[in-house]
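Below: one structure, written as structure tokens.
Note on naming: letters A, B, ... go to the chains in the order of the sequence lines (proteins, then strands), and numbering restarts at 1 for each one.
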Amino acid sequence: MTWLLVVLAIVVVLVIVVVAIPQLRSRSLKQRFGPEYDRLVDEEGDRRSAEAELRGRVKRRGTLEIRDLEPAARQAYAEQWLKVQQRFIDEPEQTVAEADGLVQTVMRERGYPVDEFDERVEMMSVDHPQLVDNYRTAHTIQLRSELQEASTDDLREAFQRYRALFSELLADGVPDAGTKDSDDHDLPERGAL
Amino acid sequence: MTTHETDRPADYDLAENDELGRNDDPTDQREDPRTDTAVDVADADIEEPVEEAPETARSRERDAVDEDTDEVEDAEPELVDTDEAVEPAEPELADEADRIDPVAVDRPSGSDAVQKLAPVGPDTAMDPGTGSYQDRWDAIQGGFIDDPRRTVESASALVVEILDETVRSITDEREGVDGRWQSTESSTDDLIVAMQDYRALYARLMRLTSN
């Protein structure tokens with residue numbers, strides 16, 4: 001009789017290891033990255049490599065030291081942004097490019113790598129997954145505008161999307177992304193300096 | 001959006017959902033309540049109006065408007081009977097400059113920051129208490145991003161307001177000078193003063209029409 005119990009126990013353990021744990025990890029990744037998760041699964045074609053990619057991002061993000069901006073710097077950037085925004089009616093393409101530049105400036109100042117667009121997006125997907133779509137769309141429009149293929153309304157949209165990202169970057173208390181996949185409840189409260 | 005069902009502080013969720021709502025359809029922000037923060041940020045760049053705009057035709061037009069605005073303000077001290085302020089609420093600017101900091105610093109969550117950046121807009125700019133014409137113009141212009149049509153309506157309204165104000169103040173000034181020489185007892189000295197006053201008025205009109 002005991003051998004039956006042993007087999008049963010082994011089966012249970014196997015089920016946990018093979019099915020439950022990966023599922024839990026998937027779920028927590030999915031929760032964390034939201035639409036970015038689904039997008040990546042679509043792009044990669046399979047869940048496993050998408051998840052490996054996302055875990056890789058979290059790991060890389062964990063090696064970065066992200067700083068908050070000084071209040072004075074935050075204020076200065078906000079004012080700079082408004083000046084750019086006011087010039088939109090005179091030079092829409094140019095101001096969208098400047099908006100992108102300001103986003104990158106703030107990212108760099110806060111400690112993110114900024115050399116490659118992909119790298120910027122990936123780090124944003126860790127800290128601000130809900131804004132990654134904004135970033136991608138804005139960037140696409142901007143590329144079109146460099147080919148003179150973006151309408152003024154497109155440019156306006158790009159500007160707004162950059163702004164959403166920018167203002168999030170100006171805000172305090174970015175989640176301290178550890179190397180773990182979940183644990184979001186351990187995050188310092190936003191706004192805590 | 002299934003991203004944040006769990007664990008995060010409530011305000012975090014709100015901020016993000018709010019933001020998503022905005023950004024998924026960026027053209028649909030018309031009803032955005034731009035409330036008190038709007039005033040603060042509208043004044044965020046009191047210091048320098050955006051003058052370094054490029055030499056496009058449009059920007060020249062805009063500068064023309066700015067110049068006219070300035071002239072109305074410059075001419076203000078010459079008014080004989082200054083009972084109304086052409087440039088409203090100068091002292092208020094200092095107040096609002098003080099209030100910029102709390103907004104930027106004490107309310108750092110994401111959606112607030114968006115609001116902080118967004119609210120330069122036509123709505124508050126139409127409240128004459130908001131600041132100088134220049135501040136209001138700048139605020140209107142910055143709002144184009146969010147609501148082009150309403151921004152243009154506001155620009156039109158502000159131009160009308162300045163025009164009316166200018167006509168009124170010049171008319172008042174003229175009537176004041178008229179009253180000082182038209183009585184039959186006016187001496188030659190009175191007439192000299194009147195002549196000087198008319199000359200000032202004339203110069204002001206010439207400045208206004210020189211564009």
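- In the displayed structure, A:Glu116 atom CD is contacted under 6.0 Å by at most 12 heavy atoms of other residues, nucleotides or ligands.
- If you take CG on A:Leu82 and CD on B:Gln141, they are separated by 12.0 Å, rounding to the nearest 0.5 Å.
- Going from atom OG1 of A:Thr95 over to atom CZ of B:Phe144 covers 10.5 Å, rounded to the nearest 0.5 Å.
- No more than 12 heavy atoms of other residues, nucleotides or ligands sit less than 6.0 Å from atom CD of A:Glu70.
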Exercise. Passes salt bridge (charged side-chain N to carboxylate O under 4.0 Å, His left out), A:Arg156 versus B:Asp147? Steps please.
Worked result: CA-CA 10 Å; A:Arg156 201 162 71 80; B:Asp147 193 341; over 6 Å; no
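- A 4.5 Å side-chain heavy-atom check between B:Ile145 and A:Gln86 finds every atom pair outside the cut-off.
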